[in-house]
Amino acid sequence: MSPDDGSASPGVTATGSHDEVLRTEQQRGAEQSAVQPSSVPVPAPAGTGTAPFTPTGLVVAVDGPGGSGKSTVSREIARRLGLRYLDTGAMYRAVTQVALERRIDIEDPSAVAEVAERTVLTVGTDPDRPSIAVDGVNVDEQIRTRAVTNAVSAVAAVSAVRSRLVAQQREIIAESLAAGGIVVEGRDIGSVVAPDAPVKVFLTASTEVRALRRSRQLGEKGVDDVARTLAELDRRDALDSTRTADPLSVPDGAIVLDSSALSVPEVVDEVLRQSQHLLATTP
């Protein structure tokens, strides 16, 4: 299995969290209804972003490190269940892109927080056409560069940034419940953003497999390229897992799956199988 956690695919204008390197061969049984984009301005800071949040309706939280396949899997779950889809990683990437574009020191929390405060993000939640715009300008491709990937962990570690984006993510979730529900993917969804989500999933894969997938997405085939990507993944894993604000962790009650040797349909089938009893009791 390969993820779509890295760079945007050519010709795809709305990539979600990562370009869709893998496409499921399974066809949906019925046509999904169109999902309108959620255009929600970034709200005022809301504390630390860890306040209780109890959604009513179907929320599927998918967490995991880069290269685990969570974007492709999340979008396919959303398609099968007729839900919206939110890539929270794209939101952090968008803020990172703005900071880099403006030559802000990403190691300066105050400067980064100011960028987040002044940036208006518009997020599209259609799983077939997810998108992200900054101040009205689409940035789907710009946020998938190696530069953004290597800088996003520092930006995401700033508590003020997380507070703003978590607040917006919760607004998008609340909006989506009226339309049936949403699949939300990231690194703190089941633990922080929506800890009471009926279904929680944590996807993982070996670092070697994730590095190979990411290199393929970037069009790199050499051994040195894969080794470089592996080192970058190790660094990002360490940063995301040890940050003070909302570290990457396995949420309580999550379905934990190793995608190293599984196809996208196999992962989705297993998630739906293990969560069948939860889906049946969700209003």
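The basis for the numbers below is simple: all heavy atoms, side chains too, and nothing from hydrogens, waters or symmetry mates. Predicted model, so just to flag it, every value in this text is computed and none were measured.
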Query raised in the report: Taking C-beta and beyond as the side chain, do Val184 and Thr88 meet within less than 4.5 Å on heavy atoms?
Result: yes
Query - Val73 vs Glu185, side-chain contact (heavy atoms from CB on, under 4.5 Å): CA-CA, chis, key distance, verdict - result: CA-CA 9 Å; Val73 168; Glu185 62 119 325; over 6 Å; no
Query raised in the report: Should Asp188 and Arg243 count as an ion pair when the cut-off is N to O under 4.0 Å?
Result: no
Query - Ser259 (side chain) donor-acceptor with Ser68 (main chain) under 3.5 angstrom - result: yes
Query raised in the report: Going from CG on Asp63 to NZ on Lys70, what distance comes out if it is rounded to the nearest 0.5 angstrom?
Result: 8.0 Å
**Report entry** Arg162 and Tyr92: CA distance, side-chain angles, deciding distance, side-chain contact (heavy atoms from CB on, under 4.5 Å) verdict
**Finding:** CA-CA 8 Å; Arg162 302 199 71 82; Tyr92 289 100; 3.5 Å; yes
Report task. Mind checking salt bridge (charged side-chain N to carboxylate O under 4.0 Å, His left out) for Arg273 and listing every partner two or more places apart, or none if nothing turns up? Result -> Glu270
**Report entry** Sidechain N-carboxylate O distance under 4.0 Å for Asp126, Arg84
**Finding:** no
Query raised in the report: Considering residues at least two apart in sequence or located in another chain, which fulfil the salt bridge (charged side-chain N to carboxylate O under 4.0 Å, His left out) criterion with Arg118?
Result: Glu114
**Report entry** Contact summary for Asp252 and Lys200, nearest pair of heavy atoms
**Finding:** O-NZ, 3.2 Å
Query raised in the report: Say you draw a straight line from CG of Leu272 to CD of Glu76; how long is it, rounded to the nearest 0.5 Å?
Result: 9.0 Å
Query raised in the report: Which residues pass the side-chain hydrogen bond (donor to acceptor under 3.5 Å, both in side chains) test with Ser153, sequence neighbours left out?
Result: Arg236, Asp240
Query raised in the report: Between CD1 of Ile104 and OG of Ser110, what distance do you get to the nearest 0.5 Å?
Result: 11.5 Å
Requested in this report: Flag the pair Thr72 / Val267 as yes when at least one side-chain heavy-atom distance between them is below 4.5 Å, and no otherwise.
Outcome: no
Report task. May I ask you to list the residues sharing a hydrophobic cluster with Phe202, side-chain cutoff 4.5 Å, ordered by chain and number? Result -> Leu248, Val250, Val256
Query raised in the report: In Å and rounded to the nearest 0.5 Å, what is the CG to OG distance from Asp258 to Ser206?
Result: 7.0 Å
Report task. With the side chain counted from C-beta on, respond yes when Val120 and Val134 share a heavy-atom pair under 4.5 Å apart, and no when they do not. Result -> no
Query - Atom of Val161, atom of Ala116 and distance for their closest heavy-atom approach - result: CG2-CB, 4.0 Å
Query raised in the report: Apart from Leu239 itself, which Ile, Leu, Val, Met, Phe, Trp or Tyr residues share its cluster (side-chain heavy atoms under 4.5 Å, direct or through members)?
Result: none
Query - Gap separating the CD1 atom of Ile173 from the CD atom of Gln168, nearest 0.5 angstrom - result: 11.0 Å
Query raised in the report: Can you name the nearest heavy-atom pair linking Ile106 to Ala151, along with the distance?
Result: CD1-CB, 3.5 Å
**Report entry** Nearest heavy-atom neighbours spanning Leu100 and Ala147
**Finding:** CD1-O, 3.9 Å
Query raised in the report: Which atoms form the tightest heavy-atom contact between Asp128 and Pro130, and what is the distance?
Result: C-CD, 3.5 Å
Report summary line: Correct closest heavy-atom pair for Ile143 and Ile132 would be CD1-CG2, 3.6 Å
Requested in this report: Could you give me the CA-CA distance, side-chain angles and deciding distance for Thr145 and Val148, then say whether side-chain contact (heavy atoms from CB on, under 4.5 Å) is met?
Outcome: CA-CA 5 Å; Thr145 64; Val148 171; 3.3 Å; yes
Report task. Let me see the working for Thr244 and Ser159 under side-chain contact (heavy atoms from CB on, under 4.5 Å), right down to the final yes or no. Result -> CA-CA 8 Å; Thr244 302; Ser159 59; over 6 Å; no
Query - side-chain hydrogen bond (donor to acceptor under 3.5 Å, both in side chains) involving Asn150 - partner list, sequence neighbours excluded - result: Glu232
Query - Sub-4.5 Å side-chain heavy-atom contact between Leu203 and Val201 - result: yes
Report task. Side-chain contact test, heavy atoms from C-beta onward, threshold under 4.5 Å: evaluate it for Arg93 versus Thr149 and give yes or no. Result -> yes
Query raised in the report: Any luck finding a side-chain donor-acceptor pair between Arg210 and Thr204 under 3.5 Å?
Result: no
Report summary line: When rounded to the nearest 0.5 Å, the distance separating CD1 of Ile182 from CD of Glu175 is 9.0 Å
